Amino acid sequence: MAQQCIVLVFGATGDLAKKKLIPALANLHAKGHLHKGTRILAVSRRPLTDAQYHKELLPIKDKKVWASFLKRVSYHQLDFSNRSDYLALKGRLAKMQAAGIDTSRRVFHLATLPESFPTIIEQLSKECIAYRAPKEGWHRVVFEKPFGHDLSSAHGLNTEITRLFDENQVYRIDHYLGKELVQNLLVLRFTNPLFDRSWNSQYVSHVTIRLYEQVSVEGRGEYYDKAGALRDMVQNHMLQLLALTAMEMPATTDAHDIHYEKVKVLKTVEVDPKQIVLGQYTAGKINRKSVTDYRKEEGVRKGSTTETYAAVKLHVNNRRWHGVPFYLSTGKALKEGYAEITITFKEAACLLFCGADSKLAPNKLTIRIQPHEGVKLQFNIKELLSDFSATPHEMDYHYDAEFRMNTPEAYERLLSDVIKGDRTLFTSWGEVEYSWRITDALRKARVPVQQYPAGSTGPDEAKRFLPD
Ligand code: BG6
């Protein structure tokens, strides 16, 4: 059973809290995965009553369950830089304690703009609301991305955090790690000798990691224009997927052992400044809906050259992967939205069954992260009624088809892991540090940004650059 605790969500009126965090907590409540004494304190600048805050939330379908969930949720107004507001928060926690609600186990989820992180943790620590080694219970701090905007700023932020907290109190979120199929990567590989034994440069031709989105920047122009696809998607989600795909088998499934193996991979990643394609979307149509030119989006600077698309070819320079390219591509406002990893194996030597009628293709293993989470394997088989002509076919496994339910939202898994104190699916400082080294090197290449119409598959140059 989950431990009782208080979850303090900072930035509670923001999109992330309202669209992802509170709904994830509501789902955990609906599934009976929250302790009955657990309370949620939504903390933000705006003056709101509990009832007004509740009205801003998106209710879950079951009205009764939603009403019982809301009994856990209260609102607390706080200006992040105002000391007396922190004293009031401290007073409120003391009052809850006096009223019989145990407040000794605290989760501080910082879903604010990253600029506010240092002020918030400094104040929380100064007023002894969150601190290292509390006498009773525990204090855990969750940091949303972006964790810095380059290596040096990430370093500065981390120094600030580790001055106030122990690493085991720190939870750096990468929500892709909470996705079911991402966790499945290690199970799929290490429990199937068929894949595990051929997971190396002797058998693998190349690896592609694609995170494609149909959505445009939609109201996030101000943040996105300063970030771009390399910082927004490659530094975190994509390099995490690369590390999980390429890592050695960890000694155990403990957080420390998994983090250690991921860092080893990220340390060996090599960037070639000539193997980068960047793009920016112009006006277009997706599913018959018009999409505004990126440069005309609110918050985007005039004449901006921020990339909304990035494709890069990286090498993992170690014994296992020597000579195997890893192609990473991601973009917004694209024709199709999906996330998947494909391992393309080397083609069979053409000794038999490769006559004129045969259409031999390489084996391909695709891990479909979303939508329709599952695994697909391409293999060659004899064409029906033919004389030994080979043709490629696919075996396709869908989780949703088998379980007739959607896999849980990433945040449900991540929030319940914070409450359990399991840091396995969170990123260690070493991972963040080496991912920034790679991203800074990609950005330093200063590759010109090509345009592509919204609703297309990306810039033309990327089509030539990426394998099928
Ligand atoms: C976020 C990025 O980290 O991931 C967004 O900031 C992006 O720009 C999102 O849209 C994609 O996540 P998902 O889970 O919708 O694939």
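Nothing here was measured: the structure is a model prediction, and the numbers come from that model. Remember, it's 1-based here, ligands and their atoms both numbered in the order they're listed.
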**Q** Would you mind checking which non-hydrogen protein atom is closest to atom 14 (O) of ligand 1, with the distance to 0.1 Å?
**A**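 For atom 14 (O) of ligand 1, the nearest protein heavy atom is Lys179 NZ, 2.6 Å.
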
**Q** Is the shortest distance from a Lys or Arg side-chain nitrogen in Arg231 or Glu307 to a carboxylate oxygen in the other one below 4.0 Å?
**A**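 Here Arg231 does not pair with Glu307 in a salt bridge, since their nearest N and O are not under 4.0 Å apart.
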
**Q** Taking non-hydrogen atoms only, is Tyr176 closer than 4.0 angstrom to ligand 1 via side chain, backbone, both or neither?
**A**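 Just the side chain.
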
**Q** Indicate whether the side chain of Glu144 and that of His175 have a donor and an acceptor atom separated by less than 3.5 Å.
**A**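 Judged by distance alone, the side chains do not pair up.
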
**Q** With heavy atoms of Lys145 as the reference, note each atom of ligand 1 found under 4.0 Å away.
**A**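 Listed by number with element: 1 (C), 2 (C), 3 (O), 6 (O).
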
**Q** Report, in ascending order of atom number, the atoms of ligand 1 lying under 4.0 Å from any heavy atom of Lys332.
**A**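 Numbered from 1, ligand 1 contributes 5 (C), 7 (C), 8 (O), 10 (O).
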
**Q** For atom 15 (O) of ligand 1, what's the nearest protein heavy-atom neighbour? Residue, atom name and distance, please.
**A**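 Answer, as residue, atom name and distance: Gln370 NE2, 4.3 Å.
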
**Q** Just by distance, do the side chain of Arg295 and the backbone of Ser304 share a donor-acceptor pair under 3.5 Å?
**A**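 Such a contact is found between Arg295 side chain and Ser304 backbone.
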
**Q** Within a reach of under 6.0 Å around CD of Glu298, are more than 12 heavy atoms found that belong to other residues, nucleotides or ligands?
**A**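 Open: at most 12 neighbouring heavy atoms sit under 6.0 Å from CD of Glu298.
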
**Q** What residue and heavy atom of the protein are closest to atom 9 (C) of ligand 1, and at what distance?
**A**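 Closest protein heavy atom to atom 9 (C) of ligand 1: Glu213 OE2, 4.0 Å.
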
**Q** Got a second to check how far Arg423's CZ is from Arg172's CZ, nearest 0.5 Å?
**A**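 Going from CZ on Arg423 over to CZ on Arg172, the span is 7.0 Å.
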
**Q** Could you find the nearest protein heavy atom to atom 3 (O) of ligand 1 and give me its residue, atom name and distance?
**A**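 It is His237 NE2, 2.7 Å.
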
**Q** Do other residues, nucleotides or ligands put more than 12 heavy atoms under 6.0 Å from Lys145 NZ?
**A**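 Yes, the 6.0 Å shell around NZ holds more than 12 heavy atoms from other groups.
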
**Q** Counting non-hydrogen protein atoms only, what is the nearest one to atom 12 (O) of ligand 1? Give residue, atom name and distance.
**A**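 For atom 12 (O) of ligand 1, the nearest protein heavy atom comes out as His175 NE2, 3.1 Å.
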
**Q** Among all the protein's non-hydrogen atoms, which is closest to atom 8 (O) of ligand 1, and how far away is it?
**A**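 Checked against all protein heavy atoms, atom 8 (O) of ligand 1 sits closest to Asp232 OD2, 2.6 Å.
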
**Q** Look at Asp417 together with Arg413 and state whether they make a salt bridge at an N to O cut-off of under 4.0 Å.
**A**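 Result for this pair is yes, salt bridge flagged.
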
